[in-house]
Amino acid sequence: MTRAEVEKEQPLNPKTTKFEFGGCLGALFLSLFLPVFTVFINLQLTPDAKFSTDPLYYLNPCRSSEVWIPYLCWFGVLAVFDIILPGKTMFGTLLRDDTKLKYKINGISNSFLLILILGLRWQITEGAMPELVFLYEHHIELNIISILFAFYLATYCYLKSFVYFGKEPILALGGNAGNVIYDWFIGRELNPRIGCFDIKLFCELRPGMLLWLLINLSCLHHNYVVVNQFNSVNDALLLINILQGFYIFDGVLNEEGLLTMMDIATDGFGFMLSFGDLTFVPFTFCLQARFLSVNANDLGQNKVIFITSLMTLGYYIFHSANKQKSDFKQGKLPNLKSIQTQRGTKLLCDSWWGMSQHINYMGDWLISLSWCLTTWFVTPLTYHYSVYFAILLLHRQKRDEEKCSEKYGDDWVTYQKKVPYKIIPYIY
Ligand code: NDP
């Protein structure tokens with residue numbers, strides 16, 4: 001069989017036939033609803049926030065240059081750090097054209113530099129930190145700018161997927177339907193890159209995650225410096241900064257783990273991910289800190305211990321279950337019970353992975369609950385994170401089940417009989 005015949009039989013980029021999120025209409029709805037929702041919920045929690053209500057102000061970068069320039073500098077400087085800072089080289093998962101992409105893993109040097117810059121700025125400005133004050137005061141405007149930026153970036157990646165010289169780019173299996181809105185939303189190209197700069201991995205871990213950290217710090221700074229004049233700090237606000245700061249650095253420092261995750265390995269980079277990474281993560285995951293910055297909530301020692309213990313339990317389950325699967329896949333845990341599949345690999349059905357099919361999701365969800373509890377039961381709005389995360393994890397579990405049942409066939413049926421619970425043992 002000639003190469004042309006093989007390609008005809010098994011095209012590199014098959015057409016997408018299964019639609020998610022309700023197809024094109026669902027994609028359109030989410031693209032309009034979610035941006036409005038992020039601004040709306042931020043305004044509900046901080047109703048006194050000042051911002052321009054004129055849409056033309058944001059659409060014309062000359063008029064809104066005081067917010068556009070800092071935002072673009074933030075994105076640009078992090079991109080330069082990502083390119084020049086040292087790190088180790090790792091390969092991603094095997095792609096459909098039998099190649100693997102090279103990634104530079106330098107989360108440690110990036111995090112170290114950011115902490116160093118923050119420390120120096122604190123020292124030089126004697127705690128005034130005008131950049132954090134700017135972030136705090138222009139929160140809503142930056143939120144809107146990030147939505148526009150995510151829109152432009154997704155549009156750039158969508159158009160770029162059609163322009164190539166020589167080798168055809170690998171498209172995401174889910175984002176090649178031929179429908180402009182749907183493909184733009186899901187992401188047409190699997191790994192859009194500019195030279196060796198990988199847009200998707202960068203956006204997953206740098207501009208959004210680190211902006212979330214800075215927004216939290218801006219709230220803490222507002223409480224400690226502006227409100228309490230360096231005298232005291234609210235315990236709930238300090239706690240949410242510590243818990244989420246730990247989680248953010250854990251993610252950035254262990255970035256190689258992301259290379260095998262669905263987002264990097266199988267999803268395209270469209271508006272869903274660019275908006276999720278650049279807007280949804282920083283501007284909704286910070287809601288507890290934003291709320292606490294204007295409604296200082298004194299938790300007291302017992303609640304602080306309870307919340308910290310819940311986060312520790314969640315992190316322990318999440319971390320040790322993920323590590324166990326990773327060690328097992330590397331052949332380090334031969335004594336654990338498993339099912340030999342016809343594909344040659346094994347499915348672990350012992351220890352954490354005997355309790356449920358995604359026990360790691362349960363740990364992650366407990367972490368989300370601990371964060372929401374820092375606002376105690378003063379408002380239901382800050383619990384949006386746990387609700388959203390439960391929906392995301394349920395949707396992810398369904399997608400993974402479909403993938404595994406297609407991949408492993410009868411072996412997956414046997415596995416499901418041995419490990420019947422999906423996420424929470426004895427409940428679901
Ligand atoms: P999993 O870590 O559960 O990985 C699922 C994949 O692992 C399957 O597709 C299969 O892949 C393999 N697998 C599943 N069960 C077994 C088994 N019993 N034995 C061996 N291999 C198995 O899911 P994710 O990749 O979705 O999530 C990873 C982590 O990231 C989770 O802890 C999750 O909570 C977290 N996460 C966090 C998010 C956030 O916003 N904070 C968002 C999404 C995820 P194969 O067989 O092909 O190797």
Side-chain angles (χ1 to χ4, degrees), residues 92-94 203-205 208-209 212 243-244 246-252 254-267 272-273 275-277 279-282 284-285 311 314-334 336-371 385-409 411-424:
T93 50
L94 189 66
C203 287
E204 281 272 313
L205 286 175
M209 287 280 268
W212 170 25
L243 299 184
Q244 293 192 335
F246 174 79
Y247 188 84
I248 292 166
F249 280 119
D250 184 63
V252 176
N254 294 307
E255 65 186 313
E256 56 254 58
L258 211 69
L259 299 185
T260 51
M261 268 173 63
M262 213 183 266
D263 308 36
I264 298 294
T266 55
D267 289 347
M272 180 177 73
L273 267 190
F275 171 80
D277 293 342
T279 303
F280 204 78
V281 168
T284 68
F285 289 16
M311 160 102 185
Y315 181 77
Y316 171 67
I317 298 174
F318 156 82
H319 187 76
S320 57
N322 280 334
K323 184 169 181 323
Q324 189 174 62
K325 176 152 68 76
S326 160
D327 285 351
F328 173 78
K329 287 200 178 238
Q330 292 168 39
K332 290 184 192 163
L333 301 169
L336 293 185
K337 281 187 223 142
S338 62
I339 296 171
Q340 177 67 53
T341 70
Q342 285 170 12
R343 292 180 65 97
T345 54
K346 287 178 176 171
L347 285 169
L348 180 59
C349 48
D350 201 354
S351 191
W352 284 120
W353 297 87
M355 292 183 199
S356 79
Q357 294 165 18
H358 288 280
I359 192 78
N360 48 351
Y361 287 5
M362 190 181 96
D364 225 353
W365 190 78
L366 289 179
I367 295 175
S368 79
L369 184 64
S370 73
W371 297 346
Y385 179 66
S386 267
V387 174
Y388 145 79
F389 202 46
I391 297 170
L392 179 142
L393 292 175
L394 282 171
H395 178 243
R396 216 174 162 89
Q397 174 265 317
K398 294 245 178 315
R399 281 175 83 192
D400 197 57
E401 188 168 278
E402 251 175 50
K403 180 201 112 176
C404 288
S405 125
E406 217 165 87
K407 186 172 172 182
Y408 294 112
D411 295 322
W412 188 253
V413 179
T414 315
Y415 170 73
Q416 284 190 308
K417 278 188 190 141
K418 280 205 178 261
V419 186
Y421 298 106
K422 314 270 185 211
I423 298 176
I424 308 174

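Reckoned from all heavy atoms, side chains included, excluding hydrogens, waters and symmetry mates. Note that the structure is a prediction, hence the values are computed from the model and not measured. Order of appearance sets the numbers: ligands from 1, and atoms from 1 within every ligand.
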Quiz item: Do the ring centers of Trp353 and Phe328 come within less than 6.0 Å of each other?
Solution: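 No - the distance between ring centres of Trp353 and Phe328 does not fall below the 6.0 Å cut-off.
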Pick, from [options], the option with the minimum heavy-atom distance to [atom].
{"atom": "atom 48 (O) of ligand 1", "options": "Lys329, His319, Met262, Gln324", "result": "Lys329"}
{"atom": "atom 13 (N) of ligand 1", "options": "Lys325, Met261, Gln397", "result": "Lys325"}
{"atom": "atom 32 (O) of ligand 1", "options": "Asn322, Asp364, Val281", "result": "Asn322"}
{"atom": "atom 40 (O) of ligand 1", "options": "Phe389, Phe280, Tyr361", "result": "Phe389"}
{"atom": "atom 20 (C) of ligand 1", "options": "Asp350, Ile367, Leu348", "result": "Leu348"}
{"atom": "atom 31 (C) of ligand 1", "options": "Ile317, Leu392, Asn360, Thr345", "result": "Asn360"}
{"atom": "atom 41 (N) of ligand 1", "options": "Tyr247, Trp352, Trp412", "result": "Tyr247"}

Exercise. Specify side chain, backbone, both or neither for Cys404, according to which of its non-hydrogen atoms lie closer than 4.0 Å to ligand 1.
Key: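 Just the side chain.
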Practice problem: Not counting sequence neighbours, which residues clear salt bridge (charged side-chain N to carboxylate O under 4.0 Å, His left out) with Lys422? List them please. | Solution: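 Lys422: salt bridge (charged side-chain N to carboxylate O under 4.0 Å, His left out) contacts with Glu401.
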Looking only at distances, please establish whether an N/O atom of ligand 1 is found under 3.5 Å from an N/O atom of [X].
{"X": "Lys403", "value": "yes"}
{"X": "Trp353", "value": "no"}
{"X": "Tyr408", "value": "yes"}

Quiz item: Does at least one non-hydrogen atom of Trp365 fall below 4.0 angstrom from an atom of ligand 1?
Solution: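 In this structure, Trp365 fails to qualify as a contact of ligand 1 - no heavy atom is under 4.0 Å.
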Quiz item: Has Phe328 got any heavy atom lying under 4.0 angstrom from an atom of ligand 1?
Solution: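 The answer is no, since Phe328 has no heavy atom less than 4.0 Å from ligand 1.
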Quiz item: Is there a side chain to side chain contact (heavy atoms under 4.5 Å, CB included) between Tyr408 and Arg343 once you walk through the steps?
Solution: CA-CA 7 Å; Tyr408 294 112; Arg343 292 180 65 97; 3.7 Å; yes
Exercise. Distance to 0.1 Å, residue and atom name: give those for the protein heavy atom nearest to atom 44 (C) of ligand 1.
Key: Arg396 NE, 3.5 Å
Quiz prompt | For atom 5 (C) of ligand 1, closest protein heavy-atom neighbour | solution = Asp400 OD2, 3.5 Å
Under 4.0 Å from a heavy atom of [X]: which atoms of ligand 1 are those, numbered in the order shown and with their elements?
{"X": "Tyr415", "value": "18 (N)"}
{"X": "Lys407", "value": "45 (P), 46 (O), 47 (O)"}
{"X": "His358", "value": "3 (O)"}
{"X": "Phe318", "value": "32 (O)"}

Self-check item: Donor-acceptor contact present, side-chain Gln357 to main-chain Val419, <3.5 Å
Solution: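 Present.
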Quiz item: Parallel under 30°, tilted from 30 to 60°, perpendicular over 60°: which one fits the rings of Tyr361 and His358?
Solution: parallel
Quiz item: Between Tyr385 and Tyr388, what is the ring plane arrangement, given parallel below 30°, perpendicular above 60°, and tilted in between?
Solution: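 Tyr385 vs Tyr388 ring planes: tilted.
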Quiz item: Is there a side chain to side chain contact (heavy atoms under 4.5 Å, CB included) between Leu347 and Lys418 once you walk through the steps?
Solution: CA-CA 11 Å; Leu347 285 169; Lys418 280 205 178 261; over 6 Å; no
Quiz item: Can a salt bridge be assigned to the pair Asp267 and Arg399 using a cut-off of 4.0 Å between side-chain N and carboxylate O?
Solution: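 Yes, this pair counts.
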Quiz item: Do you know the tightest heavy-atom contact between Pro282 and Gly208?
Solution: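 In terms of heavy atoms, the two residues are closest at CB-O, 3.5 Å.
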Exercise. With side chain to side chain contact (heavy atoms under 4.5 Å, CB included) as the test, would you mind laying out the steps for Leu258 and Asp263 before giving the verdict?
Key: CA-CA 8 Å; Leu258 211 69; Asp263 308 36; 5.8 Å; no
Exercise. For Ser356 and Met362, run side chain to side chain contact (heavy atoms under 4.5 Å, CB included): C-alpha distance rounded to whole Å, both residues' side-chain angles, the deciding distance at 0.1 Å, then the answer.
Key: CA-CA 9 Å; Ser356 79; Met362 190 181 96; 6.0 Å; no
Practice problem: Taking side-chain hydrogen bond (donor to acceptor under 3.5 Å, both in side chains) as the test, write out the residues that go with Trp212, two or more places apart. | Solution: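 Here the qualifying residues are Gln244.
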